[in-house]
Amino acid sequence: MAGGGGDEELKLLGSWASPYVARVKLALHLKGVHYSYAEEDLADKSDLLLRSNPVHKAVPVLIHNGRPVCESQIIMQYLDEAFPGVGPRLLHADPYERAVARFWAAFVEDKLLAPWGMVLRAGTDEERAEWKRQTVAAVGTLEEGLRECSGGNGFFGGERAGYVDVLLGGIVPWVRATEKLSGDRFFDASEAPLLAAWMERFGELDAAKAVFQDVDALVEYSRALQARLAAAAAST
Ligand SMILES: N[C@@H](CCC(=O)N[C@@H](CS)C(=O)NCC(=O)O)C(=O)O
């Protein structure tokens, strides 16, 4: 792709369905930084991945001139710092604005994505209902966060997508896939009108069009994964 970072060697190790990898791709595309991409098979991880992220053995990993950077949020922050002159900043120049963005980023990870991730893994209907309740409550709070951060301009970053937008943007295809899989509409216009409009607006960005996974492919991937988990549970 066009843009900066031309003298640097940047390689992203990823897995196509991962929302965390999608975040990093979105950040790279929004900033216009060149990179190459290597798809990992998480069932048979490459030596490069195991060497680059020996602690978590997870993607995404961004390898910059031979040095690995791990964890999606740390990679996003690194991109702002390592390529200060290239493309728009994800985090604001003002420390207070940066603190507010990091607060909502932590909220998204801990209070929204954590319970949402458990909805599919819940063992019983009661557990599933409780994880859903927590997810819906977090969406309600995030709706107010968006109202406050956007100042009526549509993005958490104001007039353009910033750190929290990219972080949350990585899950948009999964929000859509979940609707198809279970009928759950977590960013529903009747419950969270600002987030529902945000999701459409974010999806219209060139970066999102370049990066977003095909929703039907995610649905198929999720069904296959659930079938494997059910078979493994039945055989123990
Ligand atoms: N906290 C990590 C989460 C990354 C993560 O969970 N990656 C998954 C793919 S979505 C992974 O590579 N898991 C390793 C495995 O499945 O063995 C981040 O933000 O980068």
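Position 1 is the first residue of the sequence, and the numbers go up from there. Please read all numbers here as calculations on a predicted model, not as lab measurements. Below, all heavy atoms of this structure are taken into account, side chains as well, without hydrogens, waters or symmetry copies. Whatever order the structure lists them in is the order used to number ligands and atoms, beginning at 1.
Under a hydrophobic-cluster definition in which Ile, Leu, Val, Met, Phe, Trp and Tyr are linked whenever side-chain heavy atoms come within less than 4.5 Å, directly or via other members, Tyr20 and Val164 are assigned to different clusters.
Considering only heavy atoms from C-beta on, Ile171 stays 4.5 Å or farther from Val108 through its side chain. Between Ser222 and Gln226 the shortest side-chain heavy-atom distance falls below 4.5 Å.
Around ligand 1 you find Ser18, Tyr20, Leu42, Lys45, Lys57, Ala58, Val59, Pro60, Glu71, Ser72, each with a heavy-atom distance below 4.0 Å.
The local environment of CD in Glu109 is crowded, with over 12 non-hydrogen atoms from other residues, nucleotides or ligands closer than 6.0 Å. Crowding of Lys45 atom NZ: a count of heavy atoms from other residues, nucleotides or ligands under 6.0 Å exceeding 12.
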Validation: residues 77-87 side-chain donor-acceptor distances under 3.5 Å, sequence neighbours left out:
| from | atom 1 | to | atom 2 | distance (Å) |
| --- | --- | --- | --- | --- |
| Gln77 | NE2 | Tyr163 | OH | 2.9 |
| Tyr78 | OH | His64 | ND1 | 2.6 |
| Asp80 | OD1 | Lys31 | NZ | 2.5 |
| Asp80 | OD1 | Leu90 | N | 2.9 |
| Asp80 | OD2 | Leu90 | N | 3.1 |
| Asp80 | OD2 | Leu91 | N | 2.8 |

